[in-house]
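Starting from 1, each residue takes its place in the sequence as its number. When a ligand or atom number is given, it counts from 1 through the structure's own listing order.
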Amino acid sequence: MNQTPIQFYPSGTLVALVGNPNCGKTALFNLLTGSRQKVANYAGVTVERKEGSYELKDGKKLRILDLPGTYSLYPRSPDEKVTCDVLAGKARGEKKPDWVICVVNATNLRRGLRLVLGVKSMGLPIVVAVNMMDVAARRGIHIDLDALSKELGLPVVSTVGVKADGARGLEHTLNGLATLKPSTNAPSMVDELDQSQSDQARVRTILHNIKLDDAVPHLPTDQLDKVFLHPLWGSLVLAVVLFLVFQAVFSWASAPMDLIEKLTSLTGEWVGSILPEGIIKSFVVDGLIAGLGGVIVFLPQIIILFFFILLLEESGYLPRAALLLDRLMGSVGLSGRSFIPLLSSFACAIPGIMAARTIPNSRDRLVTILIAPLMTCSARLPVYALLIGAFIPQKTVFYGVELQGIVLFVLYFAGIFAAFSVAWVLKQFGQHKHTRTLMMELPDYHWPNVRNLAIGLWQRVEIFMRRVGGIILTLTIVMWFLASFPNAPDGATGTAIEYSFAGTLGRWLNVLFAPIGFNWQISIALVPGLAAREVLVSSLATVYALSSGDDGGALMPIIAQQWSMATALSLLAWFVFAPQCLSTLATIKRETGGWKMPLIAAGYLFALAYLASFITYRVALSFGF
Ligand SMILES: Nc1nc2c(ncn2[C@@H]2O[C@H](COP(=O)(O)OP(=O)(O)OP(=O)(O)O)[C@@H](O)[C@H]2O)c(=O)[nH]1
Ligand SMILES: [Mg+2]
């Protein structure tokens with residue numbers, strides 16, 4: 001007997017935003033729905049479907065879908081497949097859209113219209129939004145929207161995704177959808193090649209009829225690219241840009257960090273002076289204030305790092321960097337396509353691993369996913385900053401270049417180097433050793449939108465503070481508990497913490513970690529670090545605050561005094577690989593559909609971390625550190 005599954009869909013009119021990558025779909029989605037999805041100037045920012053709602057003037061709500069960009073309706077990568085499935089009504093738990101807003105870039109109608117014709121041939125009702133009209137106007141491109149509408153036989157509106165009122169025309173049309181008669185062609189099923197050829201010819205005729213088929217204006221972008229894409233000058237610019245970012249992370253952040261540190265220690269002293277001696281005081285001062293303060297102090301550095309990342313994302317420079325590095329990446333078996341997923345991993349490996357959906361070749365995608373955790377995520381920054389601050393002297397090497405910034409740069413670079421080495425090793429195992437050519441869209445450069453930049457930074461602050469208030473707070477409390485109980489037995493000679501659960505567990509773990517120079521305090525702090533890497537810092541702060549007995553002493557001077565340089569270097573080497581992040585492993589499982597890859601990732605990262613720390617520690621000891 002044949003059974004047809006019954007599907008239940010959420011009710012309401014469904015409107016999907018569809019268009020080429022980077023044409024401004026998400027910018028329009030944010031304007032319509034008031035959401036704050038990520039917008040950036042490169043192709044492949046959105047990799048999964050996002051839903052929002054738009055309230056019509058009559059109070060009814062439209063469900064709006066933001067989708068990954070696509071060049072055609074024949075998907076070549078997992079992110080394009082998401083869009084094509086939604087349009088074909090094949091997405092699980094989702095009906096076919098009632099309306100499609102086809103977003104086209106006003107400065108590149110040729111490609112945008114090809115997709116519009118493709119969607120039209122599927123028989124879906126369409127509204128065409130010609131976006132980036134401001135850029136077109138600046139370039140002297142005049143688009144006759146009425147003529148275009150007649151040629152296409154579809155409603156056409158103009159939009160500007162970066163202006164607060166840039167979606168007015170579109171909103172007006174959405175409010176009139178009920179009265180709008182959708183063009184109802186029957187879906188046509190044609191071979192991909194035939195379809196594409198006939199669409200191309202049709203687009204040529206349309207552009208000719210609306211008098212837009214000539215002259216592409218000369219652009220400032222081309223002039224800039226002469227330098228930025230030049231093999232020598234371009235690489236030099238890239239190296240200088242990255243170097244300056246890491247310098248700024250240390251030199252700009254020192255004043256606000258000092259301030260936060262002072263505030264934390266003053267709060268600790270003040271609270272310590274008003275609370276009576278005992279368990280509550282220990283919990284508040286050694287647990288909460290020392291633990292959380294120990295992590296919050298790194299917020300300025302995180303903000304500065306993200307300021308630069310957002311600046312690079314918005315300007316349109318990133319795909320250029322990908323192109324420049326394509327040859328280098330090709331030599332280790334990757335393509336420039338992996339650049340953006342890897343770069344996103346500097347924020348956190350999770351969005352980085354998800355961004356790998358834009359990679360069409362499945363082997364490249366898998367390798368990118370496996371090496372993404374080697375990029376230095378922002379959760380590692382507090383650990384690096386703590387150790388660098390404690391062990392690397394604050395001195396200028398030459399002309400304002402700080403030694404601490406150089407060390408940070410070297411650590412980030414070590415992660416990249418390790419990732420490339422692993423990719424190279426994997427290339428030796430693979431059968432596909434051929435080189436691929438990179439086809440990548442280069443967007444126009446534009447000045448970063450200040451509002452977008454501010455929103456992006458604020459979101460990072462929110463994410464960080466949510467981590468501090470959530471997982472870090474929870475684990476700090478757990479750590480304080482483990483380090484405070486049970487009490488030391490009568491007649492004990494050591495400090496109380498040595499007899500606690502944490503002390504005992506730390507000493508067990510230390511059997512494993514002593515050969516690489518970690519003491520028991522580090523060994524125990526690595527455990528809650530499995531959930532969030534910054535917790536290593538808050539846990540150390542709590543453990544040392546409990547050991548020292550002072551009120552709110554800063555962690556940095558304590559470890560500078562108690563650890564050897566060899567131990568610090570070994571811990572830095574460990575964190576280049578930092579195998580312990582459960583959420584990253586869970587994401588790898590989800591994206592690869594099984595346990596095999598996350599287990600391989602965890603295994604190889606752990607082995608490399610141990611090996612790197614062992615070598616670092618032994619070499620450092622032999623130099624007498
Ligand atoms: N000047 C100008 N810039 C725009 C406009 N709309 C979007 N942008 C910018 O264009 C870039 C791409 O915008 P997104 O909304 O991320 O594009 P998208 O279509 O969602 O891209 P993908 O998710 O990668 O497919 C961003 O830098 C936006 O700030 C516009 O109308 N005018
Ligand atoms: Mg998008």
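Under a 4.0 Å heavy-atom criterion, Gly19 is not in contact with ligand 1. Distances from ligand 1 to the non-hydrogen atoms of Gly44 include at least one value under 4.0 Å.
In this structure, the protein non-hydrogen atom closest to atom 10 (O) of ligand 1 is Met132 CE, 3.4 Å. When hydrogens are left out, the protein atom nearest atom 25 (O) of ligand 1 is Lys25 NZ, 2.9 Å; that is the closest non-hydrogen contact. Ranking protein heavy atoms by distance to atom 23 (O) of ligand 1, first place goes to Thr46 OG1, 2.7 Å. Among protein heavy atoms, atom 4 (C) of ligand 1 sits closest to Val162 CG1, 3.6 Å. In terms of protein heavy-atom proximity, atom 6 (N) of ligand 1 is nearest to Asn131 ND2, 3.0 Å. In terms of protein heavy atoms, atom 16 (O) of ligand 1 is closest to Ala40 N, 3.3 Å.
Looking at Thr26, Asp134, Val160 and measuring to atom 1 (N) of ligand 1, the nearest heavy atom belongs to Asp134. Taking all heavy atoms of Val45, Val135, Asp66 into account, the minimum distance to atom 24 (O) of ligand 1 is reached by Val45.
Geometrically, ligand 1 and Lys38 share no nitrogen or oxygen pair separated by less than 3.5 Å. Not a single N or O atom of Arg138, backbone or side chain, sits closer than 3.5 Å to an N or O atom of ligand 1. Polar contact with ligand 1: present for Asn22 (N/O pair, distance under 3.5 Å). Taking distance alone, with nitrogen or oxygen atoms compared against 3.5 Å, Gly24 approaches ligand 1 more closely than that limit. In terms of N/O distances under 3.5 Å, ligand 1 is approached by Gly161. Where the criterion is an N or O separation shorter than 3.5 Å, residue side chain and backbone included, Met133 fails it with respect to ligand 1.
Numbered from 1 in the order shown, with element, the atoms of ligand 1 that lie under 4.0 Å from a heavy atom of Val39 read 13 (O), 14 (P), 15 (O), 16 (O), 26 (C), 28 (C), 29 (O). The Ala27 neighbourhood of ligand 1 comprises atoms 7 (C), 15 (O), with distances under 4.0 Å to a heavy atom of that residue. Below 4.0 Å from some heavy atom of Asn452 lie the following atoms of ligand 1, by number and element: 29 (O). Applying the 4.0 Å criterion to heavy atoms of Ala43 picks out, from ligand 1, the atoms 24 (O). Below 4.0 Å from some heavy atom of Glu314 lie the following atoms of ligand 1, by number and element: 26 (C), 27 (O), 29 (O). Listed by number with element, the atoms of ligand 1 under 4.0 Å from a non-hydrogen atom of Tyr42 are 24 (O). In summary, the atoms of ligand 1 found under 4.0 Å from a heavy atom of Gly69, numbered by their order in the structure, are 25 (O).
Note: Tyr317 and Phe228 meet the aromatic proximity criterion, with ring centroids under 6.0 Å apart. Aromatic rings of Phe308 and Trp252 (six-membered ring for Trp) have centroids within the 6.0 Å cut-off, being under it.
Looking at Glu55 and Lys60, no side-chain N of the basic residue comes within less than 4.0 Å of a carboxylate O on the acidic one, giving no salt bridge. Ion pairing between a basic and an acidic side chain is recognised when a charged N comes within 4.0 Å of a carboxylate O; Glu94 and Arg63 show such pairing.
Between the side chain of Ser149 and the main chain of Leu145, no donor-acceptor pair closer than 3.5 Å is present. Between the side chain of Asn20 and the main chain of Thr70, a donor-acceptor pair closer than 3.5 Å is present. Within the 3.5 Å criterion, the main-chain N or O of Gly316 finds a donor-acceptor partner in the side chain of Arg320.
Side-chain atoms of Val45 and Val39, non-hydrogen and from C-beta on, never get closer than 4.5 Å to each other. Residues Leu229 and Leu442 form a side-chain contact, since some pair of their non-hydrogen atoms from C-beta on lies under 4.5 Å apart. Under the 4.5 Å side-chain criterion, counting only non-hydrogen atoms from C-beta, Val15 is in contact with Ile101.
The Mg ion (ligand 2) has an N, O or S atom of Thr26 under 2.8 Å away, backbone or side chain. Counting backbone and side-chain atoms alike, Asn22 contributes no N/O/S atom closer than 2.8 Å to the Mg ion (ligand 2).
Side chain to side chain, Asn41 and Asn22 meet the donor-acceptor criterion of an N or O pair below 3.5 Å. Looking at Ser35 and Asn30, their side chains never bring a donor and an acceptor atom within 3.5 Å of each other.
Atom CG of Leu31 sits about 11.0 Å away from atom CZ of Phe29, to the nearest 0.5 Å.
At a heavy-atom cutoff of 4.0 Å, ligand 1 is contacted by the side chain of His446 but not by its backbone.
Exactly one of Tyr412, Phe413, Phe409 qualifies for a ring pair (Phe, Tyr, Trp, His ring centres under 6.0 Å) with Phe243. That residue is Phe409.
Dense packing is recorded around NE2 of His230, with more than 12 heavy atoms of other residues, nucleotides or ligands lying under 6.0 Å away.
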